[in-house]
Amino acid sequence: MSGTSETQGRRPVITPTRVVIGLCLVAPFVALLWVDSYAKVEPTFIGIPFFYWYQMLWVPVSAVLTAVAYVLVRREKRALREAERAQKGGAAE
């Protein structure tokens with residue numbers, strides 16, 4: 001029975017926030033490794049073939065997605081620390 005009380009206080013490893021973080025970090029890899037989807041010349045943008053400007057578009061998009069993932073990780077860690085503090089505070093009473 002002591003095993004059940006230990007698992008009640010533990011958080012799940014896979015949370016919705018971590019799924020979003022994973023999607024933010026995996027999306028650029030999938031988009032750029034799937035070369036057949038953008039290996040073409042048309043449509044051009046200011047004279048630049050699609051193949052090049054599509055890849056260059058992913059540079060700022062990847063930076064934004066990485067920043068979002070970073071903020072979500074920090075928020076989750078902060079919430080976990082606050083929950084641990086509250087649990088320790090409740091146990092001391």
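Because the structure is predicted, anything quoted here is derived from the model rather than measured. Below, all heavy atoms of this structure are taken into account, side chains as well, without hydrogens, waters or symmetry copies.
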Please report the C-alpha distance between Arg78 and Arg81 in whole Å, then the side-chain angles of each, then the deciding distance to 0.1 Å, and finally whether the side-chain contact (heavy atoms from CB on, under 4.5 Å) criterion is met.
CA-CA 5 Å; Arg78 187 180 313 125; Arg81 279 190 304 239; 3.9 Å; yes

Would you kindly confirm whether [X] and [Y] end up in one hydrophobic cluster when ILVMFWY residues are joined by side chain heavy atoms under 4.5 Å apart?
{"X": "Leu32", "Y": "Ile48", "result": "yes"}
{"X": "Tyr52", "Y": "Trp58", "result": "yes"}
{"X": "Phe45", "Y": "Phe50", "result": "yes"}
{"X": "Ile46", "Y": "Met56", "result": "no"}
{"X": "Val71", "Y": "Val64", "result": "no"}

Quick one: does Thr15's side chain have a donor or acceptor within less than 3.5 Å of a partner on Arg18's backbone?
yes

Just by distance, do the side chain of Trp53 and the backbone of Pro43 share a donor-acceptor pair under 3.5 Å?
yes

Calculate, to the nearest 0.5 Å, the distance between atoms OG1 and NZ belonging to Thr17 and Lys77 respectively.
13.5 Å

Rounded to the nearest 0.5 angstrom, the CG-CD distance for Leu80 and Glu82 is 10.0 Å

Closest contact, heavy atoms only, Val68 versus Cys24
CG1-SG, 4.0 Å

Around atom CD1 of Ile14, are there more than 12 heavy atoms from other residues, nucleotides or ligands closer than 6.0 Å?
no

Could you go through the side-chain contact (heavy atoms from CB on, under 4.5 Å) check for Leu25 and Leu65 one step at a time?
CA-CA 7 Å; Leu25 295 175; Leu65 290 173; over 6 Å; no

Ring centres under 6.0 angstrom apart (Tyr38, Phe51)
yes

Hey, does Pro28 have a side-chain heavy atom less than 4.5 Å from the side chain of Val61?
no

